[in-house]
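The sequence lines fix the lettering, A, B, ..., with proteins before strands; numbering per chain opens at 1.
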Number of protein chains: 2
Amino acid sequence: MVDQLLDAALIEFAAHGYAGASTRAIAERAGAHQPQINYHFRSKEALWQAAVDRLFAELDAELGATPEVLGEDLLGRFASFVRAFVGFSARRPELHRIMNQESTADSPQLAWVVSRHIAPRIEVLSVAWSAVREAGAVADLDPAEVWELLIGFGALPYANAPLRRQLFGPVRADDVDRRAARLIALLAAGP
Amino acid sequence: MVDQLLDAALIEFAAHGYAGASTRAIAERAGAHQPQINYHFRSKEALWQAAVDRLFAELDAELGATPEVLGEDLLGRFASFVRAFVGFSARRPELHRIMNQESTADSPQLAWVVSRHIAPRIEVLSVAWSAVREAGAVADLDPAEVWELLIGFGALPYANAPLRRQLFGPVRADDVDRRAARLIALLAAGP
DNA sequence: TCATAGTCTGATCGAGTGATAACGGAAGAG
DNA sequence: CTCTTCCGTTATCACTCGATCAGACTATGA
């Protein structure tokens with residue numbers, strides 16, 4: 001039941017934001033009753049944190065499972081990372097939906113997720129990108145710009161899938177591959 | 001008073017989403033009492049629509065005021081448009097905050113804003129981009145990808161300014177110019 | 001068989017939500 | 001002066017929110 005509640009919570013929080021999602025809707029989606037949320041988790045906020053924790057754990061599992069071809073060059077490794085990231089963003093749009101919802105104003109939720117999840121990953125990305133850049137394999141962008149391109153072009157279209165579908169119709173079958181390739185070329189060649 | 005209510009509504013809706021923003025908070029921010037919202041507008045939804053309408057009117061005013069150098073080439077005109085768009089997104093982050101909030105799930109609000117505001121502008125952008133591309137001045141991207149780069153790289157960092165500030169500190173003075181230049185180079189050279 | 005721990009259920013709490021009605025006052029027209 | 005119209009204020013409506021509680025159900029083990 002804990003897992004069903006976390007699944008339902010992710011969908012509801014991603015769709016309506018922290019304030020807009022109701023514990024009753026989450027419970028109903030999970031096939032449970034509303035007080036079970038306060039039984040298995042202390043509060044709505046604790047449920048939100050648990051759901052976000054699990055989501056980032058999924059992300060790490062997917063990125064860590066990147067097949068690292070032995071001896072592959074730095075750029076090849078970075079390209080694998082980009083492909084995995086785009087794939088995860090398409091399969092699990094909830095992560096960036098929640099982040100976009102909570103990044104519009106300073107809030108305890110934003111401070112919590114930044115210090116616990118985002119900032120450490122920015123650090124890792126910065127180190128990795130500096131290494132690739134010093135090897136001369138990619139464009140002259142700072143880590144912040146790389147981050148912005150990853151999120152803005154690699155994840156946002158999936159986070160805003162309902163809008164995108166209304167504008168451009170159903171997504172192509174090779175959408176993820178095509179987007180990852182474009183993104184890698186963008187980061188390699190640069191503007 | 002109508003203008004103060006619209007200003008306050010934009011800030012609250014952008015920060016907390018349609019469901020999460022309360023009419024009392026909007027009224028208090030505007031220095032008014034809550035029933036005045038239902039007096040000047042029919043309902044919370046009508047207030048939201050009026051605020052969004054005014055926001056898109058501001059966007060049109062800014063984009064329409066783009067200084068069009070006589071005889072300037074197609075790419076130059078498109079570059080001016082990009083600069084104006086990035087500048088507006090930085091000065092008025094509420095637009096993309098609201099769009100990101102409402103694009104995470106199908107809703108009456110999303111359908112309304114798409115048919116009334118987004119779809120027509122997509123149409124204009126597509127025609128303009130096709131003209132620039134056929135002139136061979138820019139990269140081989142479809143309009144959907146251009147749209148995604150404009151929003152994802154040109155607007156999202158400002159929509160998520162609270163997150164961005166926590167991660168990368170205060171923004172540089174030349175942030176808008178720098179971003180617009182990068183974006184123009186990206187669209188001109190392509191991946 | 002009984003006791004215990006873990007989980008679920010229904011009822012209910014106070015607080016906050018959008019919306020409405022009744023009333024008051026200010027300004028302009030006749 | 002009086003009537004009318006516009007706008008603001010107060011009070012209150014029914015509803016939903018997150019949270020809490022007592023009691024019921026289930027399973028395990030002594």
Distance-only side-chain donor-acceptor flag, B:Asp53 / B:His117, under 3.5 Å: yes

A:His40 vs C:dG6: side-chain N/O to OP1/OP2 distance below 4.0 Å: no

B:His33 side chain near D:dG8 phosphate (N/O to OP1/OP2, under 4.0 Å): no

Distance, rounded to the nearest Å, where B:Ile26 contributes CD1 and C:dG16 contributes C1': 15 Å

Spacing of B:Leu5 atom CG relative to D:dC7 atom C1', expressed in whole Å: 12 Å

Sugar-phosphate, base or nothing in reach of A:Ala19, heavy atoms under 4.0 Å: nothing

same_hphob_cluster(B:Leu125, B:Leu183) at 4.5 Å side-chain heavy-atom cutoff: yes

B:His96 and B:Phe85 aromatic ring geometry - parallel, tilted or perpendicular at 30°/60° bounds: perpendicular

Protein-nucleotide distance (B:Phe41, atom CZ; D:dG8, atom P), rounded to Å: 11 Å

Nucleotide C:dG18, atom C1' - distance to CG of B:Leu47 in whole Å: 12 Å

Atom-to-atom span, CG of B:Asn38 to P of D:dA14 - whole angstrom: 17 Å

Sugar-phosphate, base or nothing in reach of A:Ala27, heavy atoms under 4.0 Å: nothing

Length of the NE2-C1' vector between B:His16 and C:dG16, whole Å: 15 Å

Test: B:Lys44 cationic atom under 6.0 Å from B:Phe13 six-membered ring centre, within 45° of axis: no

Which residue lies more 5' along DNA chain D, comparing B:Met1 with A:Ser22 via nearest heavy atoms: B:Met1

Minimum-distance nucleotide (side-chain atoms of B:Pro35 versus C:dT17, C:dT9, C:dA21): C:dA21

Nearest-angstrom distance from the residue atom CD of A:Gln34 to P of C:dT7: 18 Å

Separation of atom CZ in B:Arg42 from atom C1' in C:dT20, rounded to whole Å: 15 Å

is_close_aromatic(B:Trp129, B:Phe78), centroid dist under 6.0 Å: yes

Between the first and last five pairs of the helix from C:dT1-D:dA30 to C:dG30-D:dC1, the angle of the axes, rounded to 10 degrees: 20°

N or O in side chain of A:Gln36 less than 4.0 angstrom from C:dT9 OP1/OP2: yes

Full working for salt bridge (charged side-chain N to carboxylate O under 4.0 Å, His left out) between B:Glu62 and B:Arg91: CA-CA 11 Å; B:Glu62 181 131 343; B:Arg91 193 169 56 78; 2.3 Å; yes

Salt-bridge contact A:Asp142-B:Arg172 (side-chain N to carboxylate O under 4.0 Å): no

No-H, no-angle donor-acceptor pair, B:Arg24 side chain to C:dG16 base, under 3.5 Å: no

